[in-house]
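For clarity, every value in this text was computed on a predicted model and none was experimentally measured. Every chain is numbered from 1, with letters handed out A, B, ... down the list of sequences.
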Protein chains: 2
Amino acid sequence: MRPSKKDELVSKALEVFYRDGFHATGMDKLVVETGVSKTSMYKHFRTKEELILAALDLRDTNFRTWFLTRVAELADTPEGQLIAGFDALAEWFEEDNYRGCMFIKACSEFQEVDHPIHQQAARHKQILLDHLTGLAQAAGAKDPDCLGSQMLLLKEGAIVSSVLISSGAPARDAKAAAQVLLDSAVKHQAA
Amino acid sequence: MRPSKKDELVSKALEVFYRDGFHATGMDKLVVETGVSKTSMYKHFRTKEELILAALDLRDTNFRTWFLTRVAELADTPEGQLIAGFDALAEWFEEDNYRGCMFIKACSEFQEVDHPIHQQAARHKQILLDHLTGLAQAAGAKDPDCLGSQMLLLKEGAIVSSVLISSGAPARDAKAAAQVLLDSAVKHQAA
DNA sequence: TCGACTATGTACAGACCGGTACACTTTGAG
DNA sequence: CTCAAAGTGTACCGGTCTGTACATAGTCGA
């Protein structure tokens with residue numbers, strides 16, 4: 001099938017970028033790994049940046065789909081889902097090829113705030129934030145924006161820490177923290 | 001003076017690496033920015049990696065010195081210092097040239113866990129973690145390891161979020177979260 | 001079978017990478 | 001002043017980067 005060819009390239013590029021980084025991955029390496037010719041590659045993507053953006057877009061879709069699905073499997077109340085997110089993270093951290101958050105890395109390598117890659121990463125995080133804020137609101141938190149932001153903080157922190165200390169432990173600590181914050185925010189509401 | 005020349009090179013390299021990233025910064029650019037010749041540069045540092053390690057070492061010293069000093073100025077009890085750390089972060093986020101955490105970026109660009117650069121970054125975080133755990137213990141937390149880890153999680157999360165959304169707001173949310181966690185951990189202890 | 005058109009592969013351009021060879025300038029001892 | 005040792009600047013190495021020109025192979029209507 002023709003259209004899947006491009007998707008296949010993006011998928012493979014995503015894998016290599018995630019594994020080796022953006023600047024450290026040359027188009028030559030991608031050409032070798034995907035098996036297509038350079039010409040074909042540049043037919044589908046005019047520049048490397050366009051390929052990176054496509055890879056990030058795929059990553060955004062994949063990750064959010066996986067995360068939302070997994071969380072929905074683990075819990076069916078807003079409160080439960082906020083907490084379950086950290087169990088999902090813990091599972092992610094245990095994966096063999098876990099290398100941290102691709103969007104954090106993208107922002108590390110492309111730092112200018114107005115860079116398309118930076119902005120795409122920011123968009124991804126914003127969507128997650130909106131989701132968490134929505135859950136916080138549904139859970140009846142006193143200040144949903146604050147609680148949502150805090151949940152995201154804990155998630156980012158857990159991701160970064162898990163990479164830096166090569167351990168899944170941060171997910172557990174983050175989950176415990178989330179529980180305390182959630183209880184506090186909801187209790188405040190009730191009081 | 002001889003030793004200061006090398007320090008000067010490291011200092012300038014640190015600035016450029018922090019601003020532009022590691023892979024994106026070539027030795028040629030550093031040579032131009034520092035004004036020395038390439039030969040001199042390679043007299044002081046045998047490889048680029050050695051220069052990066054020296055820059056990270058300087059960063060480690062500078063950051064920890066600044067952080068500990070600032071926190072000590074802001075509070076003089078363990079509890080107060082745990083919270084004041086987030087005020088210090090907020091000030092950092094407001095700096096003009098703020099670009100996030102250099103060590104997170106280093107790990108993003110050099111992902112192999114056994115890479116010297118990765119390990120040096122991990123060491124930096126470990127020292128911070130030990131410090132925070134110590135404060136948590138002094139504050140009388142029930143589980144100092146957990147609380148210290150959570151404080152670090154919130155810090156990392158705030159740093160990452162502040163970069164991704166280009167705002168200092170995460171520091172405020174992280175501080176609020178830290179206060180709740182601290183109260184909870186200490187109250188548990190008393191109960 | 002032909003011929004126009006599209007997709008692919010190869011080989012290369014021009015710039016830049018980390019790193020070095022070597023000629024040069026400066027310095028200090030005698 | 002002489003001369004060797006140390007420090008400096010320039011020009012360059014092979015390799016790799018992103019991106020392209022061009023020749024070839026495959027496809028489809030007539």
Provide, to the nearest angstrom, the distance between the CD atom belonging to Glu50(A) and the C1' atom belonging to dG19(D). 13 Å
Gln81(A) and Ala75(A): which non-hydrogen atoms are nearest, and at how many Å? NE2-O, 3.1 Å
Side chain of Lys48(B): nearest nucleotide among dT8(D), dG19(D), dG19(C)? dG19(C)
Could you give the CZ-to-P distance, from Phe45(A) to dT20(D), as a whole number of Å? 15 Å
Whole-Å distance separating the CE atom of Met41(B) from the P atom of dG9(D): 12 Å
In terms of the angle between their ring planes, are Trp92(B) and Tyr98(B) parallel, tilted or perpendicular, with boundaries placed at 30° and 60°? perpendicular
Between side-chain atoms of residues 164-175 of chain A and protein atoms elsewhere (two or more places apart, or another chain), which donor-acceptor pairs fall under 3.5 Å?
from      : atom 1 : to        : atom 2 : distance (Å)
Ser167(A) : OG     : Ala169(A) : N      : 2.9
Asp173(A) : OD2    : Ser149(B) : OG     : 2.7
Lys175(A) : NZ     : Asp87(A)  : OD1    : 3.0
Lys175(A) : NZ     : Asp87(A)  : OD2    : 3.2

Determine the minimum heavy-atom distance between Phe22(B) and Ala106(B), stating which atoms define it. CE1-CA, 3.6 Å
Going by heavy atoms in the side chains, are Arg59(A) and Phe17(A) under 4.5 Å from each other? no
Within 6.0 Å of CD in Gln137(A), more than 12 heavy atoms from elsewhere: no
Go through the N and O atoms of the side chain of Lys38(B) and the base of dG9(D), and report whether any donor-acceptor pair is under 3.5 Å. no
Is any side-chain N or O of Ser37(A) closer than 4.0 Å to OP1 or OP2 of dT8(C)? no
For Glu91(B), the salt bridge (charged side-chain N to carboxylate O under 4.0 Å, His left out) test, sequence neighbours excluded, returns Arg70(B)
Partners of Asp28(A) by salt bridge (charged side-chain N to carboxylate O under 4.0 Å, His left out), sequence neighbours excluded? Lys38(A)
Listing request: all ring-ring contact (aromatic ring centres under 6.0 Å, His included) pairs with a residue in residues 121-157 of chain B, at least two apart in sequence or in separate chains. Phe63(B)-His124(B), Phe103(B)-His124(B)
Atom pairs under 3.5 Å: protein N/O with N/O of nucleotides 21-24 of chain D:
from    : atom 1 : to       : atom 2 : distance (Å)
dA21(D) : N6     : Thr39(A) : OG1    : 3.3

What is the distance, rounded to the nearest whole Å, between atom CG of Leu51(A) and atom P of dC17(D)? 14 Å
Round to a whole Å and report the spacing from NE2 of His44(A) to C1' of dT20(D). 17 Å
Give the rounded distance in Å between these two atoms: NZ of Lys43(B) and C1' of dG19(C). 13 Å
Looking at residues 23-32 of chain B, who's got a heavy atom less than 4.0 Å off DNA chain C? Thr25(B), Gly26(B), Met27(B), Asp28(B)
